[in-house]
Amino acid sequence: MSYVDEVIAEVIAKNPDEPEFHQAVREVLESIRPVIEANEAQFRRDALLERLVNPERQIKFRVPWLDDNGDVHVNTGYRVQFNSAIGPYKGGLRLHPSVNIGIIKFLGFEQIFKNSLTGLPIGGGKGGSDFDPKGKSDREVMRFCQSFMTELCKYIGADTDVPAGDIGTGGREIGYMFGQYKKIRGLFEGVLTGKGLTYGGSLARTEATGYGLLYITDELLRCHGESMQGKTVVVSGAGNVAIYAIEKAQQLGAKVVTCSDSTGWIYDPDGIDVAALKEIKEVKRARLTEYKNYRPNAEYHEGRGVWQIKADIALPCATQNELHLDDAKQLVANGCKAVCEGANMPTTEDATKYLQDNGVWFIPGKASNAGGVATSALEMSQNSERLSWSFEEVDAQLKKIMENVYHNIDNAAKKYGFEGNYVVGANIAGFEKVLDAMNAQGIV
Ligand code: NDP
């Protein structure tokens with residue numbers, strides 16, 4: 001059996017009931033197979049892949065908190081510090097009932113290569129809890145965040161591990177966590193990113209993942225002689241990534257006709273009203289059913305369905321495995337040219353293959369949503385030098401980083417004979433830098 005196959009089999013055997021983690025490992029290791037097989041004996045001797053797929057550390061802890069009635073609830077908290085070869089661990093905190101160790105490991109593993117692709121000195125990590133902020137009062141969310149940080153603060157720091165937001169963790173949650181970290185550790189330092197602007201946050205961090213997604217999509221189109229101007233776009237999700245992806249797509253002259261949340265989806269043939277969406281999701285924290293109050297001509301549907309709408313470009317921005325094989329077939333039948341992932345691993349393996357086999361340009365999330373973590377790293381730089389850069393400066397750096405990511409993954413794919421396969425390109429380009437750093441640092 002080849003070394004790659006052996007390690008994939010071992011990951012599945014040793015980490016049962018973690019299908020998302022298996023999926024992420026399989027996708028990366030299959031992509032880097034040409035690099036591994038070119039030097040298989042040495043890599044096997046160094047147990048390189050075993051060191052890559054086993055987190056440096058995984059922390060699991062109890063999070064007790066009081067609701068507004070004085071009743072106690074207990075959730076589980078996680079932080080997986082996956083790989084620090086190229087810098088301090090960096091990656092978000094997900095608060096969602098579906099969170100378990102397998103989800104956090106898949107996200108942490110992906111984060112290693114994503115962070116490497118940004119060109120910035122950040123290692124891979126991820127964390128979160130099965131706590132659901134939905135339907136909780138502000139005070140309940142605060143008490144949860146404080147309890148979560150009371151334990152997490154023992155393991156993180158501005159030079160060791162710098163968490164950020166993710167699903168369910170926005171500015172409010174980061175603020176409560178930062179306050180608790182400061183109180184316990186007595187340190188006002190850049191230990192979290194996605195902070196508010198009055199206490200060390202970076203301009204353009206809120207917009208960064210969605211804007212970055214559009215910068216790389218735009219570069220992809222430009223390199224194929226096209227542009228966003230006049231394109232019809234379907235987006236899933238209605239959270240941080242989706243909102244700012246829609247905003248930037250429309251600024252670039254495209255029309256975005258869909259968005260969705262965990263209960264339903266909107267089709268607005270006149271183009272999504274971003275101001276209305278922000279009010280519903282960022283201010284009221286309400287359901288998308290409200291959208292019709294702002295735009296009576298729009299349609300609201302229960303369940304999932306955005307991929308059935310005819311479009312030139314599809315941007316999945318909600319969650320993992322939300323774009324299935326049937327959706328891919330529908331997109332291809334409708335003439336879709338590009339799928340660029342805003343979420344982490346939103347496209348299933350068979351759907352990805354179908355899109356690629358049918359000539360759709362497909363950019364995986366670890367490249368196309370890297371703008372969020374890249375801007376988090378820019379927030380860390382600003383915190384270190386105790387300065388704040390202007391929106392324009394951060395945005396310009398973000399655009400440059402995303403264009404570089406595109407060319408890095410494109411070049412890596414070409415170098416290994418997989419031209420146009422951006423999945424292979426992203427995994428190889430991300431891996432090569434980590435490999436070099438791991439080799440230089442010895443067996444640790
Ligand atoms: P948010 O919590 O702001 O928004 C998530 C959106 O997806 C919401 O509309 C939510 O619906 C919907 N959603 C979440 N879970 C499900 C589900 N199981 N089924 C259907 N819909 C769901 O998260 P973000 O926008 O920050 O993150 C979205 C994706 O992007 C995630 O995969 C995240 O890991 C990834 N990402 C985020 C980055 C960031 O900077 N925020 C950076 C890089 C990647 P509802 O409103 O009903 O909750």
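As the structure lists them, so they are numbered: ligands from 1, and atoms in each ligand from 1.
- By the criterion of a heavy-atom distance under 4.0 Å, the backbone of Ser260, and not its side chain, is placed next to ligand 1.
- Salt-bridge formation is detected for the pair Glu27/Lys366: a Lys NZ or Arg NE/NH1/NH2 atom is positioned less than 4.0 Å from an Asp or Glu carboxylate oxygen.
- In Lys134, the part holding a heavy atom less than 4.0 Å from any atom of ligand 1 is the side chain.
- Residue contacts with ligand 1 include His96, since one of its heavy atoms falls under 4.0 Å from the ligand.
- A salt bridge does not link Lys353 with Glu349: none of the charged nitrogens is closer than 4.0 Å to a carboxylate oxygen.
- Nearest-residue assignment for atom 2 (O) of ligand 1 (options Gly239, Ser262, Gly168, Gly303; heavy-atom criterion): Gly168.
- The proximity of Asn344 to ligand 1, defined as any non-hydrogen pair under 4.0 Å, involves the side chain as well as the backbone.
- Counting only N and O atoms by type, the side chains of Gln397 and Lys400 include no donor and acceptor under 3.5 Å apart.
- Ring pair Tyr406/Tyr215: centre-to-centre distance not below 6.0 Å.
- Atom 34 (O) of ligand 1 has as its closest protein heavy atom Asp166 OD1, 2.6 Å.
- If you look at Phe188 and Phe178, their ring centroids are closer than 6.0 Å.
- Only the side chain of Arg287 comes within 4.0 Å of ligand 1, counting heavy atoms alone; its backbone N, CA, C and O stay farther away.
- Taking only nitrogen or oxygen atoms, main chain and side chain alike, Lys114 does not reach within less than 3.5 Å of ligand 1.
- Of all protein heavy atoms, the one lying nearest to atom 27 (O) of ligand 1 is Ile167 CG1, 3.6 Å.
- Between Glu151 and Lys154 there is a salt bridge, since a side-chain N of the basic residue sits under 4.0 Å from a carboxylate O of the acidic one.
- Using a 4.0 Å cut-off to heavy atoms of Ala343, the atoms of ligand 1 that qualify are 29 (C), 30 (O), 32 (O), 35 (C).
- Taking 4.0 Å as the cut-off between side-chain N and carboxylate O, Asp68 and Arg143 count as a salt-bridged pair.
- Relative orientation of the Tyr211 and Phe391 rings is perpendicular, given thresholds of 30° and 60° on the angle between their planes.
- Of the possible donor and acceptor atoms, one in the side chain of Lys292 sits under 3.5 Å from a partner among the backbone N and O of Pro296.
- At a heavy-atom distance under 4.0 Å, no atom of Glu341 approaches ligand 1.
- Looking at Gln320 against ligand 1, nothing comes within 4.0 Å, counting heavy atoms.
- The protein heavy atom nearest to atom 25 (O) of ligand 1 is Val241 N, 2.9 Å.
- Using a 4.0 Å heavy-atom cutoff, Glu322 is absent from the residues neighbouring ligand 1.
- Protein heavy atom in closest approach to atom 41 (N) of ligand 1: Asn240 OD1, 3.4 Å.
- Partners of Ser84 according to the side chain to side chain donor-acceptor pair (under 3.5 Å) rule, which considers only residues two or more places apart in sequence or in another chain, are Glu56.
- Annotation: atom 18 (N) of ligand 1 to nearest protein heavy atom, Thr319 CG2, 3.7 Å.
- Distance from atom 46 (O) of ligand 1 to its nearest protein heavy atom, with residue and atom name: Lys281 NZ, 3.0 Å.
- On a distance-only criterion, Lys126 and ligand 1 share no N/O pair closer than 3.5 Å.
- At a 3.5 angstrom cut-off on N or O pairs, Gly372 does not count as close to ligand 1.
- Nearest to atom 39 (C) of ligand 1 among the protein's heavy atoms is Thr209 OG1, 3.4 Å.
- Taking only nitrogen or oxygen atoms, main chain and side chain alike, Asn369 does not reach within less than 3.5 Å of ligand 1.
- Residue contact annotation: Arg94 has a non-hydrogen atom under 4.0 Å from ligand 1.
- Per-residue contacts place Arg205 under 4.0 angstrom from the following atoms of ligand 1 (heavy atoms of the residue considered): 40 (O).
- Note that CD1 of Ile122 and CD of Gln111 are 7.5 Å apart. Values are rounded to the nearest 0.5 Å.
- Separating the CD atom in Gln58 from the CZ atom in Arg79 is a distance of 12.5 Å, to the nearest 0.5 Å.
- Here's the thing with Cys317: none of its N/O atoms is less than 3.5 angstrom from an N/O atom of ligand 1.
- Relative to the six-membered ring of Phe21, Lys105 meets both conditions, a distance below 6.0 Å and an angle of at most 45° to the axis.
- With respect to Glu379 and Lys195, a salt bridge is recorded, a charged nitrogen being found less than 4.0 Å from a carboxylate O.
- Nearest protein heavy-atom neighbour of atom 9 (O) of ligand 1: Ala238 N, 2.9 Å.
- When the heavy atoms of Ala318, Gly237, Ala374 are ranked by distance to atom 5 (C) of ligand 1, first place goes to Ala318.
- With respect to Asp218 and Lys248, no salt bridge is recorded, no charged nitrogen being found less than 4.0 Å from a carboxylate O.
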